[in-house]
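Remarks on the structure that follows.
We use all heavy atoms of the structure for the numbers below, so side chains are in, but hydrogens, waters and symmetry mates are not.
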Amino acid sequence: MKQIASYLILIIVLTACNSSGKEETEGSDLLAPQREAMERAEDVERVLDEAAERQRQLIEEQGG
């Protein structure tokens, strides 16, 4: 009888630890802030590259 009760408790604990769909969606949102930060950094890099290219063109136009 104790052995059956132990198995039932084990099954209940394992079932409670099982991941549900809600937890998976929360996990996928975990990296969202990092993705947004990377996108902003790429935008800043693009702006800086464009500014550097414009500066190079101005220097070349001035005979440098």
### Summary
Rounded to the nearest 0.5 Å, the CD atom of Glu61 sits from the CD atom of Gln57 at a distance of 6.5 Å
### Message
With rounding to the nearest 0.5 angstrom, report the CZ to CG distance, Arg35 to Asp29.
### Response
8.0 Å
### Within 6.0 angstrom of Ile4 CD1, more than 12 heavy atoms from elsewhere
no
### Query
Around Gln3, counting heavy atoms of other residues, nucleotides and ligands shown, do more than 12 lie under 6.0 Å from its CD?
no
### Query
Any side-chain heavy atom of Ile59 within less than 4.5 Å of one from Gln55?
yes
### Message
Taking Arg40 first and then Asp43, would you say they form a salt bridge - that is, a charged N and a carboxylate O separated by under 4.0 Å?
### Response
no
